[in-house]
*Asks:* 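Here it is: the structure, laid out below.
So that the names make sense, note that chain A is the first sequence line, chain B the second, and so on, each numbered from 1. Owing to the predicted nature of the structure, the values given are computational and were not obtained by experimental measurement. Heavy-atom basis, side chains included; hydrogens, waters and symmetry copies ignored.
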There are 6 protein chains.
Amino acid sequence: MRMQRLIEYEEAGPEVRAVYDDIRATRKTDYINNFWKALANDPANLKRTWESSKQVMGPGVLDSLTKELIYIAVSVTNQCPYCIASHTASAQSRGMTAEMFHEVMAVVGMANETNRLVAGYQVEIDERFKTTHS
Amino acid sequence: MRMQRLIEYEEAGPEVRAVYDDIRATRKTDYINNFWKALANDPANLKRTWESSKQVMGPGVLDSLTKELIYIAVSVTNQCPYCIASHTASAQSRGMTAEMFHEVMAVVGMANETNRLVAGYQVEIDERFKTTHS
Amino acid sequence: MRMQRLIEYEEAGPEVRAVYDDIRATRKTDYINNFWKALANDPANLKRTWESSKQVMGPGVLDSLTKELIYIAVSVTNQCPYCIASHTASAQSRGMTAEMFHEVMAVVGMANETNRLVAGYQVEIDERFKTTHS
Amino acid sequence: MRMQRLIEYEEAGPEVRAVYDDIRATRKTDYINNFWKALANDPANLKRTWESSKQVMGPGVLDSLTKELIYIAVSVTNQCPYCIASHTASAQSRGMTAEMFHEVMAVVGMANETNRLVAGYQVEIDERFKTTHS
Amino acid sequence: MRMQRLIEYEEAGPEVRAVYDDIRATRKTDYINNFWKALANDPANLKRTWESSKQVMGPGVLDSLTKELIYIAVSVTNQCPYCIASHTASAQSRGMTAEMFHEVMAVVGMANETNRLVAGYQVEIDERFKTTHS
Amino acid sequence: MRMQRLIEYEEAGPEVRAVYDDIRATRKTDYINNFWKALANDPANLKRTWESSKQVMGPGVLDSLTKELIYIAVSVTNQCPYCIASHTASAQSRGMTAEMFHEVMAVVGMANETNRLVAGYQVEIDERFKTTHS
């Protein structure tokens, strides 16, 4: 059964084509990543995910580059090779230098280390760090 | 056996005290987080981790606030309550606004979602995203 | 050292052969997945895991297809490429349609997203959702 | 700073109130979970997440109960206590019996176990399970 | 609905009692951990899991203490507070000293760090480390 | 941009060469793993990580082989193919037999399973397993 293959523009229905057109217009490139071509097997999910992506990853109080660095940090923590490769490229196109990448890696490595030290030593939250929900 | 309790300055040996003194001087505060007090059960690991932390989390080509945001992103992905609480406080002290926090959360949520879509659809890395190791 | 290679029926000892025979009889196919051929390096673990698999994955109050969907959800969350590929095939043989797969992916993606929003916002369990252990 | 507290209807702005009203109408209950009250600190994310949730978790080719079981499977794999508690309650309200819950747990446990056996034994994907992207 | 509460010996049926009796005899203690009391809601899973535990965690070519250290390493990586607490106690009863615990924590922290550096730098497996499946 | 490629000794600067020399002297081999060659893109992180590795992975109250087994357990749990391959080789060079490897896999599988059963059944920590931080 075909449910995970890459859907090209030529064979796509109008709902998928509309998303591809918007990706191209938004990103100012003809290129559609494999991720979107795979999601296109489910046009409703493609549309919802692309709309969320535009809303979430676009510049806000944080610039797009910072958001890409955070995205890389999550993808490295989850060990997603595709996501690391594609968002490293995306971050570079937004200005990430090699030095920035190295610093992200060092922080991600250290956070993954200390997250476990906290768990292993069963460290309780300091009173002053507790969130008051009122 | 006592191996995970919090070590206070008064009962600590000279190696631990030296680290506590450096934390206080570096952070310009008398307060020592529970994390360091727990790690102090193993003075060598305390010292190594604190030295790494100073090197990794200090400002470089990325500022300290951006590094804290990345740290939060990892800790949320790993679901470490202590780390989320303490580094949210730390990021706030470095200027993180509520709006910044919300944007970090949205990116972290979306990255965790799309990381799984990539895995489930078995998306292969686009040729153009492949790293050439030469 | 050979400890992770694939063990074929012809070279296997009687304990492994008995499991392979049972897999073939239970699944009504001659084909033995690479997973079982790799586990066969440790005959005791092969036998225990296969017996558990028969007990856990067989139809109960939940049918086998629903169990396969749950299995896929876990494997996607853990990002295990082999498990995703083999259990997607297995689910398809039990009647999973492309539409079902897409819905599973959407739920898995969303759950992974909201799991992190809950962690980041440090949401406390509603009184009404608390389990009473008495 | 208040950025993770629970937002009650009375203090909420119109965008949040509109979502709360829709949650109440859709779920036919006055009760708003803490999750939504926490997300309401970021009205745009609240609205986006709620709209996605309605689209993803509602009945499709899979019924709502099956989707809740899948949601629980992910939340248990990620070890999110809030998500486990709230979606166990949600699944029960949609008809999950204790027997169903036990079977979900057994599958989730087994999948987490075998995911790691696959990784440790470095099992390669069988030719017949490979997805052809064409 | 009662499906996650703790089942005491007095209220348990014969299948659960038989497991509890075996736990007591095997461990030479009257105490039954909450884990087993919770699993007892599903007697078949309780029995299967206990039998596996006896087979897997008992001494083999690795002694019981080494197995407990490995168990702790996994539980810390997965951030399971119950598992960390109960298996730390179990390891201590088998001879784990504070110094051993500290060394386990340091290795677990470092492995979690370097696992991510490997992912982020997309390091390819050295030819000499590749498993030959033949 | 070159930021993830493998740095060979011949093209490396003095800081990287010093680390490579120390790796060779410490490990009594001319071979430098791809991991170190990739980290060498960031000489400061290379040096810090190598120094930590020497301190953490060397023999202490736990021997080097036990530490390698723990490292494998973490890497399998995190599903890091490179780390599994390289540290399996490293453990073998320190005396890990196939039987030891199989036992590690069985424990890692079981711990990953029971970690999730604990989460799903929302098991609370037994009073006797609670750490007293005083």
*Asks:* Nearest 0.5 Å, please: how far is NZ in K37(F) from CG in D126(E)?
*Replies:* 7.5 Å
*Asks:* Apply side-chain contact (heavy atoms from CB on, under 4.5 Å) to residues L117(F) and N45(E) and explain how you reach the verdict.
*Replies:* CA-CA 10 Å; L117(F) 294 176; N45(E) 199 11; 4.0 Å; yes
*Asks:* Please check if the side chain of E103(E) supplies one atom and the backbone of L62(F) the other of a donor-acceptor pair under 3.5 Å.
*Replies:* yes
*Asks:* With a 4.5 Å cut-off on heavy-atom pairs, point out which of S75(E), A119(E), A89(E) contacts chain F the most.
*Replies:* S75(E)
*Asks:* Who wins among I70(E), L69(E), T66(E), T88(E) for the most heavy-atom pairs under 4.5 Å with chain F?
*Replies:* I70(E)
*Asks:* Side chain, backbone, both or neither: which part of V76(F) has a non-hydrogen atom closer than 4.5 Å to chain E?
*Replies:* neither
*Asks:* Nearest heavy-atom pair of V123(E) and F35(F): which atoms, and what distance?
*Replies:* CG1-N, 3.7 Å
*Asks:* Rounded to the nearest 0.5 Å, what separates atom CG in L39(E) from atom OG1 in T114(F)?
*Replies:* 9.0 Å
*Asks:* Once you round to the nearest 0.5 Å, how far does CZ of R116(F) lie from SG of C80(E)?
*Replies:* 8.5 Å
*Asks:* Decide yes or no for V74(F) and V74(E): does some side-chain heavy atom of the first lie under 4.5 Å from some side-chain heavy atom of the second?
*Replies:* no
*Asks:* Measure across Y82(F) and I125(E) and return the closest heavy-atom pair with its distance rounded to 0.1 Å.
*Replies:* CD1-CA, 3.5 Å
*Asks:* Against chain F, work out which of P81(E), C83(E), A73(E) has the most heavy-atom pairs shorter than 4.5 Å and name it.
*Replies:* C83(E)
*Asks:* If you count heavy-atom pairs within less than 4.5 Å of chain E, which of T77(F), D42(F), V56(F), N34(F) leads?
*Replies:* N34(F)
*Asks:* Does some side-chain heavy atom of M110(F) sit less than 4.5 Å from a side-chain heavy atom of T49(E)?
*Replies:* yes
*Asks:* Could you give the distance from OH (Y121(F)) to CZ (R5(E)), rounded to the nearest 0.5 Å?
*Replies:* 13.0 Å
*Asks:* Check step by step if side-chain contact (heavy atoms from CB on, under 4.5 Å) holds for R128(E) and Y31(F).
*Replies:* CA-CA 10 Å; R128(E) 64 172 61 189; Y31(F) 192 72; 3.2 Å; yes
*Asks:* Check each atom of S53(E) against the heavy atoms of chain F and say whether the ones under 4.5 Å are side chain, backbone, both or neither.
*Replies:* both
*Asks:* Please report the closest heavy-atom contact between Y71(F) and N115(E), naming both atoms and the distance.
*Replies:* CE2-ND2, 4.2 Å
*Asks:* Measure M100(F) against the heavy atoms of chain E and call it side chain, backbone, both or neither at under 4.5 Å.
*Replies:* both
*Asks:* Answer with side chain, backbone, both or neither: which region of Q55(F) has an atom nearer than 4.5 Å to a non-hydrogen atom of chain E?
*Replies:* neither
